[in-house]
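All remarks here apply to the structure that follows.
Keep in mind that this is a model prediction, so the values were computed, not measured.
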Amino acid sequence: MKSNNIDTFFELLRAGLWESDAQILQYGKIDYNEIMRIADEQSVMGLITAGMDHVQDVKVPQEVSLQFIGQTLQIEQQNIAMNSFIANLIERLRNKDIYALLLKGQGVAQCYERPLWRCGGDVDLFLNDSGYTKAKDFLLPIASSVEPEGKKGKHLGMTIDTWTVELHGTLYGGMSNRINKVMDELQRDVFYGGNVRSWLNERTQVFIPGFDIDAVYVFTHYLNHFYKGGLGVRQVCDWCRLLWAYRDSLNLELLESRVKKMGLMTEWKAFGAFAVDYLGMPTEAMPFYSADVKWKKKADRICAFILEVGNMGHNRDMSYFEKYPYLIRKVCSMSRRCGDLIRHTRVFPMDSLRFFPRIMYVGLRAAARGE
């Protein structure tokens with residue numbers, strides 16, 4: 001990818017993320033088809049379209065604007081349909097005495113200036129032990145397809161009315177027991193401490209983990225994707241908008257304590273530098289931000305990896321999933337993990353080695369169970 005197109009992409013992304021002015025003339029000749037391709041890979045089409053509204057120094061060609069607007073209007077309609085599905089699903093669960101919280105996705109979207117322009121994903125529901133069991137019993141008969149269950153992490157994916165619904169009985173990510181212990185703490189804070197916030201979706205009150213919980217969970221969730229090869233810029237944008245929306249309310253002492261207990265302060269500062277340098281995150285709203293050059297270098301390497309793999313591994317060759325049987329697919333995936341380890345040790349040398357055995361163990365255990 002040419003640097004002028006990459007620079008223009010991030011300029012438009014920053015403008016869309018913060019509804020701020022954009023200056024793109026400085027980057028020279030722009031290939032808008034390339035900008036659209038990167039936006040699609042990173043699942044930030046709506047943000048790039050919003051950014052085009054704020055270009056100050058050049059007129060974006062009308063045919064280009066119409067292409068981006070057309071794509072974004074489709075995203076908007078999909079989000080409206082998804083929100084309606086979520087409202088209906090939450091109500092149906094409540095009618096069965098099942099109380100679920102919404103994780104990530106449409107809940108975090110409410111932190112954006114234009115929630116309907118955020119590219120949607122799956123519908124992730126968070127439940128306590130009894131709720132997880134009851135939700136399985138209720139939803140499985142109406143699902144058109146069901147994925148193998150991750151029993152240890154209490155995770156089950158299924159398709160209902162064309163939407164992918166995932167049930168989560170824990171917040172585990174499979175990187176380390178040290179992180180999982182803090183995830184258990186977050187779960188207790190939600191279900192026993194009542195640490196939740198809500199979103200009025202149509203006429204349905206949808207509960208979401210409290211912002212102090214989400215600040216940690218959204219971070220560890222995308223970090224899990226980073227170490228397992230599928231991180232995209234949209235997931236970091238979600239983290240930025242969440243931190244920005246609750247910048248005056250976050251308990252920074254508690255946040256620091258949890259990040260340190262997980263042993264992830266290095267990752268936090270590196271991704272904080274990426275958020276500031278590439279996404280335009282205001283420094284005053286990024287907890288524990290440091291302008292030290294070592295974090296900027298890590299941010300550059302994070303950016304290179306994100307652009308290479310795309311959101312959720314969009315750019316990676318996944319054809320082996322169709323060509324080979326289950327165990328060979330697992331071997332291919334593990335080989336890729338080994339390759340990523342070499343890349344990640346240049347960014348986080350100690351933690352890459354610390355997490356790798358656990359990641360491999362979880363993968364092998366899942367293969368043995370057929371998950």
Ring pair (Phe, Tyr, Trp, His ring centres under 6.0 Å) for Trp268 and Phe219? Distances and angles first, verdict last. CA-CA 8 Å; Trp268 184 286; Phe219 168 66; 4.9 Å; yes

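- Although no hydrogens or angles enter the test, the distance criterion places no donor-acceptor pair under 3.5 Å between the side chain of Gln235 and the main chain of Tyr222.
- Among all heavy-atom pairs drawn from Asn79 and Arg118, the shortest one is ND2-O, 2.8 Å.
- Here Cys240 contributes atom SG and Phe271 contributes atom CZ; the two are 11.0 Å apart, rounded to the nearest 0.5 Å.
- Across all their heavy atoms, Val60 and Ser65 have their closest contact at CG1-OG, 3.5 Å.
- The minimum heavy-atom distance linking Gly153 with Tyr172 is given by the pair CA-CD1, 4.2 Å.
- No side-chain heavy atom of Leu140 sits less than 4.5 Å from a side-chain heavy atom of Phe138.
- Side-chain heavy atoms closer than 4.5 Å link hydrophobic residues (I, L, V, M, F, W, Y) into clusters, and following such links, even through other members, never connects Val206 to Tyr112.
- In this structure, Gln62 places its CD atom where only 12 or fewer heavy-atom neighbours from other residues, nucleotides or ligands lie under 6.0 Å away.
- Counting heavy atoms from C-beta outward, Thr266 and Trp295 have side chains that approach closer than 4.5 Å.
- With rounding to the nearest 0.5 Å, the separation of CG in Leu12 from CG in Asp53 is 10.5 Å.
- The hydrophobic clustering, which links ILVMFWY residues whose side-chain heavy atoms are closer than 4.5 Å, places Met265 and Val276 together.
- Between Phe68 and Tyr32, the ring centre distance reaches or exceeds 6.0 Å.
- The main-chain N or O of Asn83 is found under 3.5 Å from a side-chain atom of Asn201 such that the two form a donor-acceptor pair.
- Remark: Glu253 CD is loosely packed, at most 12 non-hydrogen atoms of other residues, nucleotides or ligands lying under 6.0 Å away.
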Intermediate values then yes/no, side-chain contact (heavy atoms from CB on, under 4.5 Å), Cys111 and Trp244: CA-CA 8 Å; Cys111 298; Trp244 173 256; over 6 Å; no

Quick one: do His221 and His225 satisfy side-chain contact (heavy atoms from CB on, under 4.5 Å)? Show the steps, please. CA-CA 7 Å; His221 180 77; His225 281 289; 3.2 Å; yes

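- To the nearest 0.5 Å, atom CD of residue Gln187 and atom OH of residue Tyr217 are 10.5 Å apart.
- Between the Lys261 side chain and the Ile179 main chain, no donor and acceptor come within less than 3.5 Å of each other.
- Residues Leu89 and Leu139 form a side-chain contact, since some pair of their non-hydrogen atoms from C-beta on lies under 4.5 Å apart.
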Run the side-chain contact (heavy atoms from CB on, under 4.5 Å) test on Asp300 and Cys303 for me, step by step, so that the C-alpha distance in whole Å, both residues' side-chain angles and the decisive distance to 0.1 Å come before the verdict. CA-CA 5 Å; Asp300 292 341; Cys303 183; 5.7 Å; no

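- Under the 4.5 Å side-chain contact rule for hydrophobic residues, Phe288 and Tyr278 share a cluster.
- Contact detail for Glu11 and Ala22: the closest heavy-atom pair is OE2-CA, 3.5 Å.
- Electrostatic pairing of Glu284 and Arg247 does not count as a salt bridge here, judged by no charged N lying under 4.0 Å from a carboxylate O.
- One finds no salt bridge joining Glu185 and Lys181 here, because no Lys/Arg side-chain nitrogen approaches an Asp/Glu carboxylate oxygen to under 4.0 Å.
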Working for side-chain contact (heavy atoms from CB on, under 4.5 Å), residues Arg14 and Phe9: CA-CA 9 Å; Arg14 288 188 289 269; Phe9 167 77; over 6 Å; no

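- With values rounded to the nearest 0.5 angstrom, Gln106 atom CD is found 11.0 Å from Lys104 atom NZ.
- Of the possible donor and acceptor atoms, one in the side chain of Arg197 sits under 3.5 Å from a partner among the backbone N and O of Pro209.
- A side-chain contact (heavy atoms from CB on, under 4.5 Å) with Leu101 holds for exactly one of Ile208, Leu125, Val196, Leu127; it is Val196.
- Val108 and Ile86 sit in two unconnected hydrophobic clusters of ILVMFWY residues. Membership requires side-chain heavy atoms under 4.5 Å apart, directly or through other members.
- We find that Arg37 and Asp31 are not joined by a salt bridge, their nearest charged nitrogen and carboxylate oxygen being 4.0 Å or further apart.
- In this structure, the side chains of Tyr289 and Met281 stay at 4.5 Å or more apart for every pair of heavy atoms.
- By the 4.5 Å heavy-atom criterion applied to side chains, Arg346 and Arg301 are counted as neighbours.
- Side-chain N or O atoms of Asn4 include one that pairs as donor or acceptor with a backbone N or O of Lys29 at under 3.5 Å.
- Counting only heavy atoms from C-beta outward, the side chains of His155 and Glu166 approach each other to under 4.5 Å.
- A 4.5 Å side-chain heavy-atom check between Ser84 and Glu202 finds at least one atom pair inside the cut-off.
- Closest non-hydrogen pair, Lys136 versus Glu149, comes out as NZ-OE2, 3.1 Å.
- Asn95 contributes a side-chain N or O that, together with a main-chain N or O of Glu91, makes up a donor-acceptor pair within less than 3.5 Å.
- Tracing side-chain contacts under 4.5 Å through hydrophobic residues (I, L, V, M, F, W, Y), one reaches Val64 starting from Ile35; they form part of the same cluster.
- Tyr27 and Asn5 form no side-chain donor-acceptor contact under 3.5 Å, judged by distance and modelled atom types alone.
- The distance from the OH atom of Tyr132 to the CG atom of Asp137 is 11.0 Å, given to the nearest 0.5 Å.
- Residues Lys298 and Pro349 share a closest heavy-atom pair of NZ-CD, 4.4 Å.
- In this structure the side chain of Leu264 reaches within 4.5 angstrom of the side chain of Thr220, judged on heavy atoms.
- In summary, the aromatic rings of Phe191 and Phe126 are positioned with their centroids under 6.0 Å apart.
- Within the model, atoms CD of Glu34 and OG1 of Thr8 stand 10.5 Å from one another, a figure rounded to the nearest 0.5 Å.
- Checked by atom type, the side-chain pair Ser144/Thr159 shows no donor-acceptor distance below 3.5 Å.
- Side chain of Asp57 to main chain of Ile24: a donor-acceptor pair is present (N/O by atom type, distance under 3.5 Å, no hydrogens or angles).
- Of the possible donor and acceptor atoms, none in the side chain of Arg258 sits under 3.5 Å from a partner among the backbone N and O of Val182.
- Asp292 and Ser290 share no side-chain donor-acceptor pair at under 3.5 Å.
- Judged by distance alone, the side chain of Glu19 and the main-chain N or O of Leu17 form no donor-acceptor pair under 3.5 Å.
- Distance alone, capped at 3.5 Å, places no donor-acceptor pair between the Asn180 side chain and the Met183 backbone.
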